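Structure, as structure tokens:
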Protein chains: 2
Amino acid sequence: MTTLKELAKRLNISISTVSKALNDSHEISDITKKRVNNLAEELNYKPNRIAQQLKNNKTKTIGVILPTVINPFFAEVLHGIEITATNFNYDIIVCLSNESLEKEKRSIELLSNGSVDGFIIAVARESQVNGVSKHIKEAIDRKIPVLMFDRVMHDITCNKVVVDDFKSVYTATDFLINEDKRSNILLVSNIEELSVGKLRTLGYEKAIQENELTSNILKLDNVENIDETIYNYLKANKSIDAILSLDHITGIVAINMAKKLGLKIPEDLSVIGFGYEHTNLLSSPKISIIHQKAHQIGEMSVKLLLQQLNTDNYGLETTIVPSELKLGRSTK
Amino acid sequence: MTTLKELAKRLNISISTVSKALNDSHEISDITKKRVNNLAEELNYKPNRIAQQLKNNKTKTIGVILPTVINPFFAEVLHGIEITATNFNYDIIVCLSNESLEKEKRSIELLSNGSVDGFIIAVARESQVNGVSKHIKEAIDRKIPVLMFDRVMHDITCNKVVVDDFKSVYTATDFLINEDKRSNILLVSNIEELSVGKLRTLGYEKAIQENELTSNILKLDNVENIDETIYNYLKANKSIDAILSLDHITGIVAINMAKKLGLKIPEDLSVIGFGYEHTNLLSSPKISIIHQKAHQIGEMSVKLLLQQLNTDNYGLETTIVPSELKLGRSTK
DNA sequence: TTGTACGCGTTATCAC
DNA sequence: GTGATAACGCGTACAA
């Protein structure tokens with residue numbers, strides 16, 4: 001790695017002159033600047049960023065803690081984060097908690113030693129279910145700004161970016177009842193334990209109650225054979241005329257299982273699921289989805305965090321990114 | 001941030017004594033160690049990693065450059081990389097090229113200033129199609145070890161981790177011919193332009209030729225309506241009795257379209273696609289896949305890179321991670 | 001057993 | 001217009 005020192009030695013001038021020349025300081029003569037720049041170019045000099053970080057006490061790096069990246073929602077959020085961070089000349093260090101509290105804790109602790117200027121976090125399932133937030137509070141106590149998205153914790157005071165979980169599911173349920181004229185709507189969920197799952201379920205229940213129907217929930221958390229379970233349920237409950245899935249998988253599985261049972265979609269059964277970009281390719285008929293603007297969530301998260309970093313105000317806002325009901329062919 | 005200096009001041013001892021005490025040096029008395037450790041604990045002291053990096057001229061960080069993370073293959077590789085890197089106490093800085101050469105180039109250049117100890121790269125589609133590799137050579141010239149996986153470039157000398165693209169597709173084709181007794185096998189591909197796509201196609205063609213059949217390729221690169229295209233093709237070519245998909249999407253689409261045409265799977269049509277963990281949930285019948293060990297590719301990549309980092313030998317090896325034909329219910 | 005001095009690479013302040 | 005010096009935080013060879 002070429003350093004200022006080396007350039008200085010080769011040119012027989014001082015380190016500080018080289019530094020100033022490279023930074024185009026007005027105190028340096030044009031001729032010296034030229035000499036310096038030429039050699040720097042030749043030796044492919046690049047200022048050592050670690051040294052700059054030490055000097056400035058800023059890393060221009062964001063720590064991103066995600067439960068997983070295999071779930072396309074988080075993958076797309078990460079995509080949004082990366083693009084936006086890059087635009088603002090920030091790097092991201094990514095840690096995957098793998099839904100484990102222990103791993104999440106360790107990652108945050110490790111990066112809290114000056115490695116990052118701030119965190120963007122979606123907490124692990126385990127952390128959320130058990131309500132453990134101490135490790136996140138510690139980062140905030142160390143004056144490292146934290147932004148939480150999607151899976152947030154209410155006892156933490158920080159900027160948050162969430163989806164309108166309650167409202168979007170309420171709207172979708174209402175759509176099934178009043179537009180699609182369905183009356184026996186099954187809610188299928190494998191994220192019942194999570195805050196987002198609970199909120200979504202509440203949205204469903206509110207719409208059901210307002211329309212004086214009965215709610216019907218099939219919980220699939222930790223279930224092995226999702227497909228068989230849905231198949232058997234549909235077989236045993238022929239009166240079901242709509243399915244609302246709270247995730248990006250079970251809706252598609254439901255369509256396949258319904259077809260296997262000879263049901264026509266959407267004539268006999270309407271299906272709405274959750275989805276993101278590119279999700280709709282995978283079912284026939286194309287599934288109607290509650291489209292979460294995952295990319296936008298990532299983008300927004302970075303912008304809010306950087307804003308906090310550059311103004312060092314306290315983060316207190318919760319931003320809601322609205323979802324959109326995107327009709328495919330699995331509803332009438 | 002608590003520093004050594006602050007601890008030293010509070011305890012009225014020198015900085016180096018504090019440093020040694022914290023590192024459990026034998027030169028320091030137990031009593032001093034105790035005092036130091038207690039205060040460090042109390043003030044939640046953690047050594048500033050940036051300073052350590054500057055001192056050691058090592059970042060313990062790997063730069064990971066991926067085309068995207070929305071494709072589940074790369075998502076799962078990233079997962080493998082993250083877990084393995086963490087195990088070895090390395091962080092990862094992730095950059096997404098978004099399939100753009102320009103972005104890839106910029107990311108590599110930016111991180112080549114001392115930010116990372118090495119790179120793990122899967123090149124962008126654009127870089128590969130145009131055969132542009134200068135930016136990667138530059139990193140290697142700067143003595144930053146590079147490991148390429150999956151999408152590799154043959155004019156670059158470095159450690160590589162690849163899938164057995166040729167062989168796995170050859171095997172799958174042969175299976176369709178000799179086990180499933182199919183004779184009219186359609187190859188469906190939307191990655192024809194990529195090195196992996198080309199290799200896979202060659203595997204298909206070899207098996208076809210060996211069995212004296214005729215090859216049949218439906219190229220879907222940059223096609224908008226994949227589903228309609230496949231539907232129309234199947235409709236116009238009723239003699240097709242098997243489909244081999246080179247990616248993780250079109251196989252599932254093919255199953256759905258075939259069912260729509262009234263074809264029975266696997267009786268009328270066998271289907272094999274590519275897939276990773278959790279892929280098989282999404283079709284009915286469950287799709288038979290060439291299972292790429294994406295997680296293992298990530299794991300292997302990290303291990304090989306770290307080995308190179310710690311022994312500073314030249315990277316010259318190409319490691320092949322074998323895939324596995326995982327039969328579902330879409331083949332006989 | 002403890003402390004002093006130096007260096008990692010950069011930048012900023014001050015002196016010449 | 002140029003150069004010397006200090007500082008960011010850490011670790012360590014050497015001196016006391």
Side-chain angles (χ1 to χ4, degrees), chain A residues 1-37 39-40 43-61 89 110-117 142-144, chain B residues 1-37 39-40 43-61 89 110-117 142-144:
Chain A
M1 285 245 351
T2 315
T3 65
L4 288 182
K5 194 198 268 187
E6 186 172 342
L7 294 180
K9 191 159 61 175
R10 294 213 192 200
L11 294 170
N12 261 322
I13 56 180
S14 78
I15 293 179
S16 45
T17 304
V18 177
S19 172
K20 286 174 187 166
L22 288 170
N23 290 314
D24 202 24
S25 162
H26 54 271
E27 332 176 20
I28 304 293
S29 70
D30 284 352
I31 183 160
T32 309
K33 280 185 190 169
K34 201 137 235 165
R35 287 182 67 215
V36 171
N37 281 313
L39 187 62
L43 299 185
N44 203 357
Y45 168 79
K46 285 189 189 129
N48 182 319
R49 199 150 79 96
I50 304 298
Q52 287 178 322
Q53 290 176 357
L54 183 62
K55 189 95 186 74
N56 303 328
N57 201 20
K58 277 188 185 160
T59 61
K60 298 269 264 174
T61 303
N89 280 314
L110 282 176
L111 295 182
S112 293
N113 59 4
S115 296
V116 301
D117 293 343
R142 284 172 159 274
K143 310 288 179 216
I144 308 178
Chain B
M1 285 248 350
T2 316
T3 63
L4 288 182
K5 194 199 267 186
E6 186 173 342
L7 294 179
K9 191 160 60 174
R10 294 214 192 200
L11 294 171
N12 261 323
I13 56 180
S14 81
I15 293 178
S16 58
T17 305
V18 177
S19 172
K20 286 174 187 166
L22 287 171
N23 290 315
D24 202 24
S25 161
H26 53 271
E27 332 176 13
I28 304 294
S29 70
D30 285 352
I31 182 159
T32 309
K33 280 185 189 168
K34 202 138 234 166
R35 287 182 67 214
V36 171
N37 280 313
L39 187 62
L43 298 185
N44 202 358
Y45 168 80
K46 284 186 189 131
N48 182 318
R49 199 150 79 97
I50 303 298
Q52 287 179 320
Q53 290 176 357
L54 185 60
K55 185 103 188 64
N56 303 328
N57 201 19
K58 276 187 187 163
T59 60
K60 298 269 264 173
T61 302
N89 280 315
L110 283 177
L111 295 183
S112 294
N113 58 5
S115 297
V116 300
D117 292 344
R142 285 171 158 274
K143 310 287 179 215
I144 308 178

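Bear in mind the structure is a predicted one, so any value in this text is a computation, not a measurement. Residue numbering restarts at 1 for every chain, and letters A, B, ... go by the order of the sequence lines.
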Compile the donor-acceptor pairs under 3.5 Å between side chains in residues 18-25 of chain A and protein atoms, sequence neighbours left out, one pair per line.
residue, atom, partner, partner atom, Å
A:Asn23, ND2, A:Ser19, O, 3.1
A:Asp24, OD1, A:Lys33, NZ, 3.0
A:Ser25, OG, A:Glu27, N, 3.1

- Query: Can you give one letter per nucleotide of nucleotides 9-16 of chain C, 5' to 3': B if a protein heavy atom sits under 4.0 Å from the base, S if only from the sugar-phosphate, - if neither?
  - Reply: BBBBBB--
- Item | Side-chain heavy atoms of B:Leu39 within contact of B:Tyr45, under 4.5 Å | no
- Query: Considering residues at least two apart in sequence or located in another chain, which fulfil the side-chain hydrogen bond (donor to acceptor under 3.5 Å, both in side chains) criterion with B:Thr17?
  - Reply: B:Ser14
- Item | Partners passing side-chain contact (heavy atoms from CB on, under 4.5 Å) against A:Lys9 (at least two apart in sequence or in another chain) | none
- Query: Sequence neighbours excluded, which residues qualify as salt bridge (Lys or Arg N to Asp or Glu O under 4.0 Å) partners of A:Arg10?
  - Reply: A:Glu6
- Item | salt bridge (Lys or Arg N to Asp or Glu O under 4.0 Å) against B:Arg49, all qualifying residues, sequence neighbours excluded | B:Asp91
- So how far off straight is the helix from C:dT1-D:dA16 to C:dC16-D:dG1, going by the axes through five pairs at either end, to 10°? 60°
- Task: Using side-chain contact (heavy atoms from CB on, under 4.5 Å) as the criterion, list what pairs up with A:Lys34, not counting sequence neighbours.
- Result: A:Asn38
- Could I get the full list of side-chain hydrogen bond (donor to acceptor under 3.5 Å, both in side chains) partners for A:Asn48, not counting sequence neighbours? none
- Item | Which residues share a side-chain hydrogen bond (donor to acceptor under 3.5 Å, both in side chains) with A:Thr2, sequence neighbours left out | none
- Query: For A:Ile50, which contact category applies under a 4.0 Å heavy-atom criterion: base, sugar-phosphate, or nothing?
  - Reply: nothing
- Query: In chain order, what residues pass the side-chain hydrogen bond (donor to acceptor under 3.5 Å, both in side chains) check against B:Asn44, with sequence neighbours excluded?
  - Reply: A:Arg142
- Message: Going 5' to 3' along DNA chain D, which are the first and last nucleotides with any atom under 4.0 Å from a heavy atom of chain B?
- Response: D:dC8 to D:dC14
